[in-house]
Amino acid sequence: MTVPDPLLFGHDATPGIVAVHADLSGRALVWRRAGDDVTLEQARFRSWLYARDLADVEHLGGRLAWDNDQAPLGVRELSGAPGSLRYLLTAADGRQLRHSVLRGASHRLGRPITSLHDLRGYYSVGAVEQYLMASGRTYFGGMAFNDPHRLQFDLETTSLTPDTGRIFMVALRDNRGFEQVLEARQAHQEPALIHGLLAVIAARDPDILENHNLMGFDLPFLMGRAEKHRIALTLGRSGGPPGVWRVQDGRSSPHWACAGRELVDTIDAVRRLDLPSASLKVVSQLFGIAPEGRVYIEGAQVAETYRTNPALVRRYALQDVEEVEALARRVLAPSFALAKMAPRPYHRLPYAGTATGMLEPMLVRAYLQAGHALPGEIAGHDVPHQGGTVHLYAQGVIPRVVKADVASMYPSLIRHDRIGPACDPLGVFLHLMDQLTALRLHHKAAAKRGDPGEHEAMQSAMKLVVNSGYGYLGAGRMALFQDRDAADRVTRRGREVLAQVVGALRGRGMTLIEADTDGVFFSTPEGWTEVQERQLIAEVDALLPEGVSLEFDGRAQAMLSHEIKNYVLLRGDGRLELRGAAFESSRTEAYGREFLQRALRCLLSGDVPGVRDAYLQSLHALDTRKCTNAEVASRVRLTKSPEQYEATRPARQEAAYEALHRLGRSWRAGEKVWLYQRAGQGLTPLDVNPDGRDYDVKHYAAALVSGYASRLRKGLTPEDFRQVFDRSQQPGLFDRPFGAMQPVWEPV
DNA sequence: TCAATCCGGGG
DNA sequence: GTGTACGGATTGA
């Protein structure tokens, strides 16, 4: 058994840590689990702070002790380059240290300074991070995802805000077989319900509380209602401060924490996945984890359904927490794995940035442990950082398309060319990139073999951090170990590699379509098989520098190349893939989407008469009002409140607001409304007549060409395009038969 | 074209 | 006050 790398996993392997609470007074509460037992360890730690110079603490005089880790306030000079953060200030009480620095800085600058972050030349982190970095401990050593006691709870309420609604039900479950539904049929029972919830949590005593949108809904709602009833929200574990507090992290959406239990939100992890929706129900169906016989109740109907069919709502609520548990196992596992590496509490990781939130704390921990200075600020660049290349070589419909890409290009270049930050004399950055990559491959292989253990989560956690390496180098002053020149070298090498790929493909007779940072679309000669395509890619790969490899990334029957990053692929199995804003805009109306699907499929199959038919049929559906208002309506977001709009209205009238205004309706800022062009009336809310057909045919017939057919323009000659999308059925003098037309492409 | 800003999702 | 940051789509200069 190999010893885990201390730079990755921390230098103290204490197992079973499930929660850490620390404050600047130097007290750390560490809850550790062994089997069913949880013990609370009360630890002391010295608060620490990196400084470039001692100007702000000069006023302490002899009260600042040199090289004495027992003194109330101490300082050590660390080895490091001039201009680096070479002084490590430490204190028995971090509040006193911070106060001393702020006092000195206020005096020096002649204005009150209230935050260390308003000062240059310092590096500081929160108390828990200080403790974890200094002690070398991490969460969850030796534990599997389901070893901690995890409890899910979900509120059912009569509205979305605690000002207008109340809680009438709470569903709870945990990973020890517990399940319960608490209810408050009448409003006056709500305080008892809240007390009941707190009592269950205290009695079950879980390590982790989970829910979907916990931070954005359940917790704020619960806090709002508890406040209304003057109930102290004691969610924390005994031994620590009892309440819930806001985690200051500068984000617009607040997050909350309590002592002794990790509050984690599955929605944060889901948002990392770039799915079409982050909704619990949608994601659960996507992952196939929705329970058998799942009850679905529209949000606004839940309270009403409860009155008539409480049993159904109970089942619904329990299925919610069941789904959350299954979802958590799936999406929070990488954060759980990361918590074993990064010196950060578990609850921060689902929404922490991968670069400054994970990689950087690991870098700092290594420097702190080595007793080495941290980088100081370096002068900014005036030339902007140049990123990857995007180049369009051909537009139109191109047959036999192959996608090839350079696997993990930036991480590969970083490792192979040894590109790390110049301000990292200990070489921690490259060490982490190397070790994370090596271990990731190990876990990836183990996951593939189906070995026992959480290999998949480990490999995806490691991938997350490795992939943040390049972005971290170029992150500017956000990143302590940033290095613009290094980031430039990475992208420059990337451009060289891509150019080499493009050149080699072109030299072998391939038609280039589009190249983007680390991948390229090209067209192969007629009659080529996938085997030949893969051979070609292997051949080009052999020309590339060691450490990077070109891989086959799929093929398609044909591609419509429209604009950079806007294209459509027709796959071998008939699937149509639309990419880019031109093809998958959220504003797309149903009738237009349907037309596009049909027309694109025909165009990419070389069937121009089919495109013509699709157009005529869509037109016909409009003309004969086969489409309903709902099918032509589009959803518009109203960003201005009625008051705001009233203020700008005299200067500029906007159709969407006017539509509501005309009907004397009100709206909320941020609200989305479905609107359609009503014949003779202009833009009108859909709900006036959703199933009707009184839309403005002329408007939508014109929009069919200008808004949808126009996206096929590159695939036909201008003359053919005009003819295919000509309303009149009569052929013109110079028209040629549609059957004689073929899709076209041309070099850009 | 770019940077500021808004939103997600929850009942 | 345990004191800094999610990603994308959309909007405004």
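Throughout, a chain's letter reflects where its sequence line sits, starting with A, and its residues are numbered from 1. No hydrogens, no waters, no symmetry mates; every other heavy atom, side chains included, goes into these values. Computed from a predicted structure; not experimentally measured.
Taking atom NE2 of A/His255 as the reference point, atom C1' of C/dA5 lies 12 Å away to the nearest angstrom. Spacing between atom CD of A/Glu129 and atom C1' of C/dG1 amounts to 14 Å, rounded to whole angstrom units. Rounded to whole Å, atom C1' of C/dG1 lies 13 Å from atom CG of A/Asp118. One interatomic measurement links the two molecules: NZ of A/Lys565 to C1' of C/dG8, which rounds to 13 Å at whole-angstrom precision. Atom pair A/Met215:CE and B/dC7:C1' shows a separation of 18 Å (rounding to whole Å applied). Taking atom CG on A/Leu214 and atom C1' on B/dG8, their separation rounds to 16 Å, with Å as the unit. Across the protein-nucleic acid pair, A/Leu116 atom CG and C/dG3 atom C1' stand 8 Å apart, rounded to whole Å. For A/Tyr351 and B/dC7, the OH to P distance is 21 Å, given to the nearest whole Å.
The residue A/Gly353 sits close only to the backbone: its heavy atoms come under 4.0 Å of sugar-phosphate atoms, none of a base.
How far OH of A/Tyr123 is from CG of A/Leu85: 10.0 Å, rounded to the nearest 0.5 Å.
Here the side chain of A/Gln482 pairs no donor or acceptor atom with the backbone of A/Gly474 at under 3.5 angstrom.
Judged as a salt bridge (charged side-chain N to carboxylate O under 4.0 Å, His left out), and not counting sequence neighbours, the contacts of A/Glu323 are A/Arg294.
If you take atom P in C/dG1 and the same atom in B/dC7, they sit 30 Å apart, rounded to whole Å. Nucleotides C/dG8 and B/dG9 are separated by 14 Å at their P atoms, to the nearest Å. The P atoms of C/dG3 and B/dC6 are separated by 28 Å, rounded to the nearest whole Å.
Closest contact between the side chain of A/Asp274 and the listed nucleotides C/dG3, C/dG8, C/dA5 involves C/dG8.
For the pair A/Arg137 and A/Tyr131, the cation-pi test (distance below 6.0 Å, angle within 45°) is failed. Both tests pass for A/Arg185 against the ring of A/Tyr306: distance under 6.0 Å to the centre and angle within 45° of the axis.
Relative ring orientation between A/Tyr367 and A/Phe481 is described as tilted, the plane-to-plane angle lying within the 30° to 60° band.
In this structure, A/Arg272 does not reach the C/dC6 phosphate: none of its side-chain N or O atoms is under 4.0 Å from OP1 or OP2.
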Atom pairs, N/O to N/O, protein against nucleotides 9-11 of chain B, distance under 3.5 Å?
{"residue": "B/dG9", "atom": "OP1", "partner": "A/Ser277", "partner atom": "OG", "Å": "3.4"}
{"residue": "B/dG9", "atom": "OP1", "partner": "A/Ala278", "partner atom": "N", "Å": "2.7"}
{"residue": "B/dG10", "atom": "OP1", "partner": "A/Leu280", "partner atom": "N", "Å": "2.8"}
{"residue": "B/dG10", "atom": "O4'", "partner": "A/Asn213", "partner atom": "ND2", "Å": "2.9"}
{"residue": "B/dG11", "atom": "OP1", "partner": "A/Asp320", "partner atom": "OD2", "Å": "3.3"}
{"residue": "B/dG11", "atom": "O3'", "partner": "A/Glu156", "partner atom": "OE1", "Å": "2.6"}
{"residue": "B/dG11", "atom": "O3'", "partner": "A/Thr157", "partner atom": "N", "Å": "3.1"}

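When all heavy atoms are compared, the tightest approach of A/Asp265 to A/Pro350 is O-CB, 4.5 Å.
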